[in-house]
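Please read all numbers here as calculations on a predicted model, not as lab measurements.
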Amino acid sequence: MGMQIRASYHPNACVPPALPIPSTALRSLSKITRTRHGAVASSNVSAPFWDSWKPDSTTPASAPSFSDIFWPSAGAFAAMAIFGKMDQILAPKGISMTIAPLGAVAAILFVTPSSPGARKYNMFMAQIGCAAIGVIALSLFGPSWLARSAALSASIAFMIYTRSTHPPAASLPILFIDGARFHHLNFWYALFPGAAGCIILCLIQEIVCYLKDNLKF
């Protein structure tokens with residue numbers, strides 16, 4: 001003996017009948033956009049959009065330790081101090097090591113050393129390649145909006161093709177095109193000051209990591 005429940009048959013049914021879904025749950029589902037070729041599911045993009053404006057939930061909830069704050073900051077200070085001293089030495093030649101892209105490189109190396117942008121291959125491949133692209137763009141188009149647009153586009157394509165994503169390098173072509181003080185370097189700009197500065201930053205990063213591991217406070 002038992003009670004049998006019969007569900008009405010529908011020709012388009014592909015799953016057994018289910019319990020009614022609350023209206024609040026229905027609102028969270030993805031909307032269905034119907035086209036003349038059928039039904040196309042469109043995901044709810046509002047949640048991911050707003051999530052990107054919130055702190056990263058994958059990081060520990062506790063505040064960073066004093067050591068985690070002190071050593072990256074100290075490394076950045078030491079790097080800019082060294083670059084400033086080198087600027088004094090190189091001033092007669094009209095060259096400066098203190099350029100904005102190296103500040104971004106320092107932030108990546110000292111704050112997120114395990115990120116793809118901090119990989120040595122990514123760093124030097126992108127720094128050298130993108131700087132050279134800036135030199136080529138200036139020689140082809142002159143100091144114009146077309147040179148900047150072409151250089152940035154080619155730099156992004158270069159980093160994608162060589163798998164060497166390193167965001168600070170994308171600013172090197174524009175820095176060269178707009179900075180008349182670098183024009184006399186020509187293709188030497190591919191190595192200096194960007195790549196040369198990255199070598200110094202990498203050395204400072206190694207020293208900072210050693211001190212952080214051995215001086216616990």
Side-chain angles (χ1 to χ4, degrees), residues 56 58-59 64 67-87 89-90 93 95-139 147-179 181-214:
D56 187 5
T58 61
T59 56
S67 178
D68 291 337
I69 297 174
F70 173 79
W71 289 113
S73 302
F77 178 87
M80 289 299 107
I82 293 174
F83 289 153
K85 187 62 179 179
M86 294 180 67
D87 284 351
I89 299 173
L90 298 173
K93 298 183 179 181
I95 303 174
S96 175
M97 286 291 295
T98 309
I99 59 175
L102 290 180
V105 175
I108 291 176
L109 283 178
F110 297 132
V111 180
T112 58
S114 59
S115 65
R119 289 178 57 87
K120 304 304 184 291
Y121 168 80
N122 292 19
M123 184 187 308
F124 289 101
M125 176 65 75
Q127 287 275 337
I128 294 172
C130 293
I133 288 173
V135 178
I136 296 173
L138 180 65
S139 64
R148 300 185 197 95
S149 303
L152 180 59
S153 176
S155 296
I156 292 176
F158 173 81
M159 287 189 286
I160 294 174
Y161 179 77
T162 58
R163 299 179 182 179
S164 58
T165 302
H166 181 68
S171 60
L172 288 175
I174 300 175
L175 178 66
F176 181 79
I177 294 170
D178 292 340
R181 58 177 176 164
F182 297 114
H183 291 175
H184 70 281
L185 293 174
N186 204 358
F187 279 101
W188 281 107
Y189 181 72
L191 300 176
F192 184 90
C198 286
I199 293 175
I200 297 174
L201 287 173
C202 288
L203 293 175
I204 297 175
Q205 182 202 25
E206 294 298 326
I207 296 174
V208 167
C209 290
Y210 175 81
L211 294 176
K212 183 179 179 180
D213 292 338
N214 290 274

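Legend: residues meeting side chain to side chain donor-acceptor pair (under 3.5 Å) with Ser164, ordered by chain and number and at least two apart, are Thr162. Here His183 pairs with Phe176 under the ring pair (Phe, Tyr, Trp, His ring centres under 6.0 Å) rule; sequence neighbours left out.
Between the Ser153 side chain and the Ser149 main chain, no donor and acceptor come within less than 3.5 Å of each other.
Separation of atoms CD1 (Ile156) and OG1 (Thr165) is listed at 10.0 Å; rounding is to 0.5 Å. Distance check: Phe182 CZ to His184 NE2 gives 9.0 Å after rounding to the nearest 0.5 Å. Distance check, rounded to the nearest 0.5 Å: CD1 of Ile99 to CE of Met97 gives 7.0 Å. Atoms CE and CG, from Met80 and Leu102 in turn, are 6.0 Å apart once rounded to the nearest 0.5 Å.
Across every non-hydrogen atom of Ile177 and Ala151, the tightest pair is CD1-CB, 4.0 Å. Across all their heavy atoms, Pro173 and Ala170 have their closest contact at CD-O, 3.4 Å. Looking at every heavy atom in both residues, Thr98 comes nearest to Gly84 through OG1-N, 4.0 Å. Considering every non-hydrogen atom in both Pro116 and Asn122, the closest pair reads O-ND2, 2.9 Å. In terms of heavy atoms, Met123 sits closest to Ala118 at CE-O, 3.9 Å.
Side-chain contact between Phe70 and Lys212 is absent, with no heavy-atom pair separated by less than 4.5 Å. The shortest side-chain heavy-atom distance between His166 and Val105 falls under the 4.5 Å cut-off. For the pair Met86 and Ile95, the minimum side-chain heavy-atom distance is 4.5 Å or more. At a threshold of 4.5 Å between non-hydrogen side-chain atoms, the residues Arg148 and Asp178 count as touching. The closest side-chain heavy-atom distance from Ile69 to Pro64 is below 4.5 Å.
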Acceptor/donor pairs from residues 189-211 side chains to any protein atom, 3.5 angstrom cut, sequence neighbours excluded:
residue: Tyr189; atom: OH; partner: Leu172; partner atom: O; Å: 2.9
residue: Gln205; atom: NE2; partner: Leu109; partner atom: O; Å: 3.2

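The number of heavy-atom neighbours closer than 6.0 Å to CZ of Phe187, taken from other residues, nucleotides and ligands shown, is above 12.
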